[in-house]
Amino acid sequence: MARRFTFTEKWLDGWFLELSKENKLIWIYVLDTCTPAGRWIKNFKMLNFCCESNITEEEFKEAFKDKIIDKGDYYFIPDFLRLQYPRGLNSHKPAIISVRDELIVHKLLFNVKQSLPNDYLIIKDKDKDKDKDKDKDKDKDKDKEGREKEKE
């Protein structure tokens with residue numbers, strides 16, 4: 001089971017305070033059950049069962065319109081990333097890499113770049129990285145050759 005940070009200041013946030021009791025519970029449920037990349041796969045039957053609610057998808061979209069992006073089979077929650085990964089997604093830790101991979105697979109990079117600071121998500125172009133590595137290797141080889149000639 002995933003462990004999540006919770007934004008305790010939500011209880012001071014005007015947006016959250018204006019939600020009905022039912023919608024507060026629904027929002028917390030969505031944040032607790034979304035993927036590590038902030039995707040909540042639509043399952044209103046389970047949501048309504050767990051929250052003892054009867055919300056429709058249209059009502060859900062209206063209540064949370066400023067916090068979610070409808071992507072067809074799921075909703076994307078950009079602010080979830082900001083809370084869970086406050087230092088951004090630039091780490092080489094396996095958990096962060098899997099989040100970046102999920103964002104790439106589900107074509108969410110554009111949404112992340114629109115919703116979060118510019119430096120939040122820096123995904124290097126693998127081909128460019130390979131080219132840079134090749135250039136570095138060539139430079140090292142040239143340096144070795146130069147040093148060997150100097151020794152002679």
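Note that the structure is a prediction, hence the values are computed from the model and not measured.
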Side chain proximity check, [X] to [Y], heavy atoms < 4.5 angstrom:
X	Y	result
Leu47	Val30	yes
Glu62	Glu58	no
Asn43	Thr33	no
Arg4	Cys34	yes

If you take all heavy atoms of [X] and [Y], which pair is closest and at what distance?
X	Y	value
Leu19	Lys24	O-NZ, 2.8 Å
Val99	Pro36	CG2-O, 3.8 Å
Ser53	Asn48	OG-OD1, 2.7 Å
Asn54	Glu59	O-OE1, 3.9 Å
Ala63	Asn23	CB-ND2, 3.5 Å
His106	Tyr74	O-OH, 3.3 Å

Should [X] and [Y] be counted in the same cluster of Ile, Leu, Val, Met, Phe, Trp and Tyr side chains packed under 4.5 Å apart?
X	Y	value
Phe64	Leu31	yes
Ile97	Tyr85	no
Ile26	Phe16	yes
Tyr29	Leu17	no
Trp15	Leu12	no

Is it true that a side-chain atom of [X] and a backbone atom of [Y] form a donor plus acceptor pair closer than 3.5 Å?
X	Y	answer
Gln84	Phe5	yes
Arg100	Ala37	no
Thr6	Thr8	no

Check this for me, if you would: do Asp70 and Lys61 make a salt bridge, where the nitrogen-to-carboxylate-oxygen distance has to be below 4.0 angstrom? yes
Flag the pair Asp79 and Arg82 as a salt bridge only when some basic side-chain nitrogen lies within less than 4.0 angstrom of an acidic carboxylate oxygen. yes
Under 30°, 30 to 60°, or over 60°: which ring-plane class applies to Tyr75 and Trp40, parallel, tilted or perpendicular? parallel
Just verifying a value: how many Å separate Ser98 OG and Leu103 CG, rounded to the nearest 0.5 Å? 9.5 Å
Working to the nearest 0.5 Å, report the span between CD1 of Ile41 and OG1 of Thr35. 6.0 Å
Within 45° of the ring axis of Trp27 and under 6.0 Å from its six-membered ring centre, is that where the NZ or CZ of Lys67 lies? no
Can the positive tip of Arg39 be found less than 6.0 Å from the middle of the six-membered ring of Phe76, inside 45° of the ring normal? no
Take Asp73 and Lys42 through the side chain to side chain contact (heavy atoms under 4.5 Å, CB included) test and state the conclusion after the steps. CA-CA 6 Å; Asp73 293 338; Lys42 294 178 182 180; 5.9 Å; no
Out of the candidates Leu108, Ile69, Ile68, Asn111, only one should pair with Pro78 under the side chain to side chain contact (heavy atoms under 4.5 Å, CB included) rule; please name it. Ile69
